[in-house]
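Being a predicted model, the structure only gives us computed values, none of them experimental. Computed from heavy atoms alone, side chains included, the values below leave out hydrogens, waters and symmetry copies.
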Amino acid sequence: MLIPKKLKHRKAHRGHTKGKATAGNYLSFGQYGLRALSNGWVTSRQIEAARRAMTRYVQRGGKIWIRIFPDKPITMKGNEIPMGGGKGAVDHFVAIVKKGRMLFEIDGVTPPQAREAMRLASHKLPVETRFEERKSV
């Protein structure tokens with residue numbers, strides 16, 4: 001799973017997930033991509049599950065790029081802990097995904113293969129997605 005090597009701040013505020021992506025919102029590497037159509041948090045486990053689904057489907061064919069990284073720490077307090085006592089320990093990491101963000105890219109496979117691989121990956125993610133193809137000029 002993806003986690004940061006080190007953090008500037010160990011615990012982060014929750015923040016908000018409004019607005020649309022201003023960076024990482026176009027195809028940069030591959031011929032096909034998976035674009036987010038809604039805002040949300042994607043955990044490192046969900047990213048890994050989507051990556052495995054795609055890799056398993058293309059069977060060592062093509063190249064896959066992951067365009068998001070889980071760098072936001074999410075804290076949790078233990079079960080049945082009374083209120084108070086400060087913020088909980090870091091439990092897992094999430095990537096903040098905004099509308100328009102390119103999540104994954106793939107190249108070196110046929111269009112139907114890429115579409116199916118992305119469809120399988122999208123089932124593992126908590127945000128709405130759309131398959132995108134690079135326009136050939």
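Applying the ring-ring contact (aromatic ring centres under 6.0 Å, His included) rule to Phe29 yields the partners Trp65; only residues at least two apart in sequence or on another chain are considered. The ring-ring contact (aromatic ring centres under 6.0 Å, His included) search around Tyr57 returns none, not counting sequence neighbours. Residues passing the side-chain hydrogen bond (donor to acceptor under 3.5 Å, both in side chains) test with Glu116 are Arg119, sequence neighbours excluded. Every residue meeting the side-chain hydrogen bond (donor to acceptor under 3.5 Å, both in side chains) condition with Arg130, not counting sequence neighbours, appears here in chain and number order: Glu132. Residues passing the side chain to side chain contact (heavy atoms under 4.5 Å, CB included) test with His16, sequence neighbours excluded: Lys18, Lys98. By the side-chain hydrogen bond (donor to acceptor under 3.5 Å, both in side chains) test, Arg52 pairs with Glu48, sequence neighbours left out. With sequence neighbours excluded, the residues that form a side-chain hydrogen bond (donor to acceptor under 3.5 Å, both in side chains) with Thr43 are Gln46.
Judged as a ring pair (Phe, Tyr, Trp, His ring centres under 6.0 Å), not a single pair has a partner in residues 98-130 (not counting sequence neighbours). Screening residues 32-55 for ring pair (Phe, Tyr, Trp, His ring centres under 6.0 Å), with sequence neighbours left out, gives Tyr32-Phe131. Applying the salt bridge (charged side-chain N to carboxylate O under 4.0 Å, His left out) definition to pairs two or more places apart or across chains, none involves residues 73-85.
The two residues Ser44 and Pro70 come nearest to each other via the heavy atoms CB-CG, 3.7 Å. Among all heavy-atom pairs drawn from Ser28 and Glu105, the shortest one is N-OE2, 3.0 Å. Taking each heavy atom of Met102 and Arg67 in turn, the nearest pair found is O-CB, 3.0 Å.
Residue Tyr26 belongs to no hydrophobic cluster, having no ILVMFWY side-chain heavy atom closer than 4.5 Å to its own. Applying the 4.5 Å side-chain rule to ILVMFWY residues, one finds Ile3, Leu7, Phe93 in the same cluster as Val90.
Using a 4.5 Å cut-off on side-chain heavy atoms (C-beta onward), Leu125 and Val97 make no contact. The shortest side-chain heavy-atom distance between Leu27 and Arg35 does not fall under the 4.5 Å cut-off. Looking at heavy atoms from C-beta onward, Ile47 lies in side-chain contact with Val42 at the 4.5 angstrom threshold.
Distance check, rounded to the nearest 0.5 Å: CG of Leu103 to CG of Leu34 gives 5.5 Å. Atom CZ of Arg10 is separated from atom OG1 of Thr75 by 10.0 Å, given to the nearest 0.5 angstrom. If you take NZ on Lys72 and NE2 on His13, they are separated by 9.0 Å, rounding to the nearest 0.5 Å. For the atom pair Lys99 NZ and Thr17 OG1, the distance stands at 9.5 Å (nearest 0.5 Å).
In this structure, the side chain of Asn39 engages the main chain of Gly19 through a donor-acceptor pair within 3.5 Å. When atom types are taken as modelled, the side chain of Lys11 and the backbone of Lys87 share a donor-acceptor pair closer than 3.5 angstrom.
Both Ile106 and Leu120 are assigned to one and the same hydrophobic cluster, defined by single-linkage of ILVMFWY side chains at heavy-atom distances under 4.5 Å.
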